[in-house]
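This report concerns only the one structure given below.
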Number of protein chains: 2
Amino acid sequence: MAAPATVPCCAPIAREPISESDAAEAAVLLKAVADPVRLRLLSMIGSHAGGEACVCDLTGAFDLTAPTISHHLKILRTAGLIDGERRGTWVYYRIIPEAVNKLGALFTPLGDAAPVLLPA
Amino acid sequence: MAAPATVPCCAPIAREPISESDAAEAAVLLKAVADPVRLRLLSMIGSHAGGEACVCDLTGAFDLTAPTISHHLKILRTAGLIDGERRGTWVYYRIIPEAVNKLGALFTPLGDAAPVLLPA
DNA sequence: CATATAGTTCGATTGACGTCGAACCAAGGA
DNA sequence: TCCTTGGTTCGACGTCAATCGAACTATATG
């Protein structure tokens with residue numbers, strides 16, 4: 001049998017030294033997520049029914065003012081982790097799965113994380 | 001046959017809202033890794049022959065002074081991502097696989113990342 | 001003991017980040 | 001048209017974080 005070309009050993013980051021530019025790129029994504037509020041926002045958006053959440057669904061969960069929540073959402077959006085769309089009175093945010101997968105791929109052995117994120 | 005109890009859909013963080021305390025805990029880990037220098041340090045340590053790297057192997061790769069590298073290593077160590085040990089003249093750092101796996105588990109679908117990190 | 005080398009700790013500086021209040025824009029009724 | 005509600009942008013403030021030079025600790029060696 002064909003021996004596996006690469007032994008499935010460690011997380012990609014622990015297999016070979018990450019390049020300077022890859023590190024910079026990954027750090028942007030990680031910085032966006034390295035905050036308790038943004039982590040919860042991301043999680044609340046991703047796990048909300050229909051795959052999207054209105055800002056009004058989010059603010060209530062925090063002891064923070066609306067501008068602050070908006071600020072954090074903007075950071076997540078700028079990093080490419082979420083996308084927002086206005087429909088009538090409300091603004092709805094949705095997760096961008098590829099960006100989340102990029103994060104997982106950094107630290108997870110056996111690279112191929114399931115490409116599925118939304119059932120259809 | 002028994003249907004899978006949970007459909008392997010999305011990253012854990014996108015399956016259900018992360019708790020406030022879990023978010024805080026994860027953010028500590030993520031903050032430690034959300035820096036290009038520390039990301040590269042972690043990667044260089046993890047991918048170095050023997051699973052450990054001397055500080056002297058690391059400093060040369062950066063345009064930073066020794067105190068700064070030491071500072072970043074301390075942050076990684078405090079976060080529980082690496083461990084350091086002095087042997088004679090040099091100090092050797094090693095990755096703590098469980099911590100890295102925790103990071104991967106946050107963003108990777110199908111939870112069970114391979115438990116293997118070092119061949120033995 | 002003196003000296004050299006490897007790393008860390010300390011103190012200071014500079015820039016980035018999280019937060020808020022106030023002002024502003026967008027949409028939907030009276 | 002005016003008012004209300006939902007969100008964002010702006011400006012400012014306080015805190016934290018990255019970096020450096022200088023001083024310090026630890027080990028080895030002459």
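The shown structure was predicted, so the numbers you read here are calculated from the model rather than taken from an experiment. Note on naming: letters A, B, ... go to the chains in the order of the sequence lines (proteins, then strands), and numbering restarts at 1 for each one.
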(request) Return the residues of residues 66-77 of chain B meeting this criterion: a heavy atom under 4.0 Å from some atom of DNA chain C. Order them by number, or give none. (result)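 Close to the strand are Ala66(B), Pro67(B), Ser70(B), Lys74(B).
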
(request) Within residues 82-90 of chain B, find the residues that approach DNA chain C with a heavy atom at under 4.0 Å, and present them sorted by residue number. (result)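 Heavy-atom contacts with DNA chain C come from Thr89(B), Trp90(B).
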
Over how many whole Å does the gap from [X] atom [atom1] to [N] atom [atom2] extend?
X: Leu64(B); N: dG21(D); atom1: CG; atom2: P; value: 11 Å
X: Asp63(A); N: dG18(C); atom1: CG; atom2: C1'; value: 15 Å
X: Asp35(B); N: dC16(D); atom1: CG; atom2: P; value: 18 Å
X: Leu41(B); N: dA18(D); atom1: CG; atom2: P; value: 12 Å
X: Phe62(B); N: dC20(D); atom1: CZ; atom2: C1'; value: 17 Å

When clusters are formed by joining ILVMFWY residues with side-chain heavy atoms under 4.5 Å apart, either directly or through shared neighbours, do [X] and [Y] land in the same one?
X: Ile69(A); Y: Tyr92(A); value: no
X: Leu41(B); Y: Trp90(B); value: no
X: Ile96(A); Y: Ile75(A); value: no

Taking all non-hydrogen atoms of both residues into account, name the closest pair between [X] and [Y] and its distance.
X: Ser43(B); Y: Glu16(A); value: OG-O, 3.0 Å
X: Leu39(A); Y: Ile18(B); value: O-CG2, 4.1 Å
X: Arg77(B); Y: Gly84(B); value: CD-N, 4.2 Å
X: Tyr93(A); Y: Val55(A); value: CE1-CG2, 3.5 Å
X: Ala53(A); Y: Leu58(A); value: CB-CD2, 4.1 Å

(message) dT8(C), OP1 or OP2 - any side-chain N/O from Tyr93(B) closer than 4.0 Å?
(response)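 The answer is yes; a side-chain N or O of Tyr93(B) sits under 4.0 Å from OP1 or OP2.
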
(request) May I ask you to check whether over 12 heavy atoms, not counting those of Lys102(B), lie within 6.0 Å of atom NZ? (result)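 No - once you tally the heavy atoms of other residues, nucleotides and ligands closer than 6.0 Å, there are 12 at most.
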
(request) Keeping the roles fixed (side chain from Thr59(B), backbone from Ala66(B)), state whether a donor-acceptor pair exists under 3.5 Å. (result)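 No; zero donor-acceptor contacts below 3.5 Å.
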
(message) Both conditions, 6.0 Å and 45 degrees, for the charged tip of Arg40(A) above the ring of Phe62(A): are they met here?
(response)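 That pair qualifies as a cation-pi contact.
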
(request) Just report the end-to-end axis angle for the helix from dC1(C)-dG30(D) to dA30(C)-dT1(D), five pairs per end, to 10 degrees. (result)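 Between the first-five-pair axis and the last-five-pair axis there is 10°.
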
